[in-house]
**Student:** 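Pasting a structure here, questions to come.
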Protein chains: 2
Amino acid sequence: MLPTQCLCTNLRRAARGVSRHYDGALDGFGINVAQYSLLCNLKRLDQPSISSLAEAMGLDRSTLGRNVRVLEGAGLLKMTEGADQRNRLVCLTEAGDQCLKAALPAWEAAQQRLMDRLGETKRAQLLQLLDELAGTD
Amino acid sequence: MLPTQCLCTNLRRAARGVSRHYDGALDGFGINVAQYSLLCNLKRLDQPSISSLAEAMGLDRSTLGRNVRVLEGAGLLKMTEGADQRNRLVCLTEAGDQCLKAALPAWEAAQQRLMDRLGETKRAQLLQLLDELAGTD
DNA sequence: TTTTATTGCGGGTATATACATACAAAATGT
DNA sequence: ACATTTTGTATGTATATACCCGCAATAAAA
């Protein structure tokens, strides 16, 4: 049976499969790969607003707001008042930082298994391609 | 600001962006790219069961079952009895087939815009890489 | 200064997605 | 024949995701 030629379909399928791979690795740390990514970005950016974090992650603001709420409920991040009355900042809690530290080896292992499968050349190719696709529309 | 090195995060972000690109193109045809993909697979495979369709698309069976229900409600596909009492077959309706035909030019345009951006070499590279990733775990 | 536009966010609604569990039908083993 | 296992789905629960709309606070314009 011929595979689909649709770039989008193939991209979505790959994203699902790879997400399952990472989710499996992160199992036991109380977070999935989407949450791991959110927490990482929180560590990388310094107390971003909902909007800027969403922008940085290529997510809709409302989506990010809801994802943030889940992690806030888990105590891994918290919201603080910004300079502006309407502006709220997202920041990592100590627990969130610990969670990231604890999960790091598992993430590294998952990443490494994938890189071993691909090899260095394809890994670089893939990252390059994904970067180009990131700004789609 | 340095981008993430996480393959999964980048893959997920690209999938979101590209999905938005295709969803925008399909706007007005009553289906999104995930549904377009499902209908295409339905046309490609002949009256698959829920399980085999899920397998073919790399989706969890329960997920596919729910996605199918949405399209059934829209009249684009219907369920029929299989040889087995527990086995149900999914098949495209006439409306579903018409919907696919109507949406095809929009899908082609979206695909073409993306390919123009990438160029033939990278397009082939990308499909190759995604295919390799498809079987991740 | 009052009006208007912009900005930042939350909520409503709908779909996509997965895992665990439950359940019924069919196949298999004794 | 009866018990066990396997198979095919559906349901419960939870998160991820997006679009639209509305609200409040701020900034810009008149």
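Predicted, not measured: the structure shown is a model, and the values here were computed from it. Reminder, nothing fancy here: chain letters follow the sequence lines and each chain counts from 1.
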**Student:** With a 4.0 Å cutoff (strictly under), does any side-chain N or O of A/Q35 reach OP1 or OP2 of D/dA16?
**Tutor:** yes
**Student:** Nearest whole angstrom, please: distance from the C1' of C/dT7 to the CG of A/L89.
**Tutor:**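 Rounding to the nearest Å, CG of A/L89 and C1' of C/dT7 are 15 Å apart.
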**Student:** Could I get a table of every N or O pair under 3.5 Å where one atom is in the protein and the other is in nucleotides 1-5 of chain C?
**Tutor:**
none

**Student:** Checking all strands, does A/S62 fall into the base, sugar-phosphate, or nothing category for heavy-atom contacts under 4.0 angstrom?
**Tutor:**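 Base, at least one base atom sits under 4.0 Å.
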**Student:** Looking at every strand, decide which applies to B/R16 at a 4.0 Å heavy-atom threshold: base, sugar-phosphate, or nothing.
**Tutor:** sugar-phosphate
**Student:** For A/S49, report the nucleic acid contact type (base, sugar-phosphate, nothing); a contact means any heavy atom under 4.0 Å.
**Tutor:** sugar-phosphate
**Student:** Take A/R12 and A/R88, find for each the nucleotide of DNA chain C with the closest heavy atom, and name the residue whose nucleotide sits nearer the 5' end.
**Tutor:** A/R88
**Student:** Given atom CG of B/L26 and atom P of D/dC19, what is their separation to the nearest angstrom?
**Tutor:** 13 Å
**Student:** Output yes when at least one side-chain N/O atom of A/N32 is less than 4.0 Å from OP1 or OP2 of D/dA16, else no.
**Tutor:**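 For D/dA16, OP1/OP2 do have a side-chain N/O of A/N32 under 4.0 Å.
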**Student:** Quick one: A/D23 CG to D/dA16 C1', roughly how many Å, whole number?
**Tutor:** 11 Å
**Student:** May I have the distance from A/R61 (atom CZ) to D/dC20 (atom P), rounded to whole angstrom?
**Tutor:** 13 Å
**Student:** Below 4.0 angstrom, which residues in residues 63-75 of chain A have at least one non-hydrogen atom near DNA chain C?
**Tutor:**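 Under 4.0 Å from DNA chain C: A/R66, A/R69.
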**Student:** Tell me whether the side-chain N/O atoms of B/S51 come closer than 4.0 Å to OP1 or OP2 in D/dT7.
**Tutor:**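 For B/S51, the contact criterion (side-chain N or O under 4.0 Å from OP1 or OP2 of D/dT7) is not met.
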**Student:** For A/D84, report the nucleic acid contact type (base, sugar-phosphate, nothing); a contact means any heavy atom under 4.0 Å.
**Tutor:**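 Since only primed, P, OP1 and OP2 atoms lie under 4.0 Å of A/D84, the category is sugar-phosphate.
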**Student:** Please tell me which of the listed nucleotides, C/dC9, D/dA18, D/dG8, lies nearest to the side chain of A/N87?
**Tutor:** C/dC9
**Student:** Hey, could you give me the CG/CG distance between A/L133 and A/L11, rounded to the nearest 0.5 Å?
**Tutor:** 6.5 Å
**Student:** A/L38 CG to D/dT15 P: how many Å, rounded?
**Tutor:** 14 Å
**Student:** Any Lys/Arg nitrogen of B/E132 or A/K122 sitting under 4.0 Å from an Asp/Glu carboxylate oxygen of the other?
**Tutor:**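 Result for this pair is yes, salt bridge flagged.
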**Student:** Ignoring hydrogens and angles, state whether a donor on the side chain of A/N10 or A/R13 is under 3.5 Å from an acceptor on the partner side chain.
**Tutor:** no
**Student:** On the 0 to 90° scale, with breaks at 30° and 60°, tag the B/W107-B/Y22 ring pair as parallel, tilted or perpendicular.
**Tutor:** tilted
**Student:** What is the separation between atom CG on B/D60 and atom C1' on D/dT11, rounded to the nearest whole Å?
**Tutor:** 13 Å
**Student:** Look at A/R86 and C/dG10 and indicate whether a side-chain polar atom (N or O) is within less than 4.0 Å of OP1 or OP2.
**Tutor:** no
**Student:** Nearest 0.5 Å, please: how far is CD1 in B/I50 from CG in B/L59?
**Tutor:** 11.5 Å
**Student:** What integer distance in Å separates A/M57:CE from D/dA16:P?
**Tutor:**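 That distance rounds to 10 Å.
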**Student:** For A/R12 and B/S37, which I'm curious about, is there any donor-acceptor pair between the side chains at under 3.5 Å?
**Tutor:** no
**Student:** Quick one: closest heavy-atom pair of A/E81 and A/L89, and the distance?
**Tutor:**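 That would be O-CD1, 4.4 Å.
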**Student:** Mind checking the CG-CD spacing from A/L71 to A/Q35? Nearest 0.5 Å is all I need.
**Tutor:**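 Here the interatomic distance stands at 4.5 Å.
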**Student:** For atom CD of B/E55, is the number of surrounding heavy atoms from other residues, nucleotides or ligands below 6.0 Å larger than 12?
**Tutor:**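 Atom CD in B/E55 is not crowded, with 12 or fewer foreign heavy atoms closer than 6.0 Å.
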**Student:** Rounded to the nearest Å, what distance is computed from the CG atom of residue A/L53 to the C1' atom of nucleotide C/dG8?
**Tutor:**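 The answer, rounded to whole Å, is 14 Å.
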**Student:** What is the distance from atom NZ of B/K78 to atom CD of B/Q47, rounded to the nearest 0.5 Å?
**Tutor:** 8.0 Å
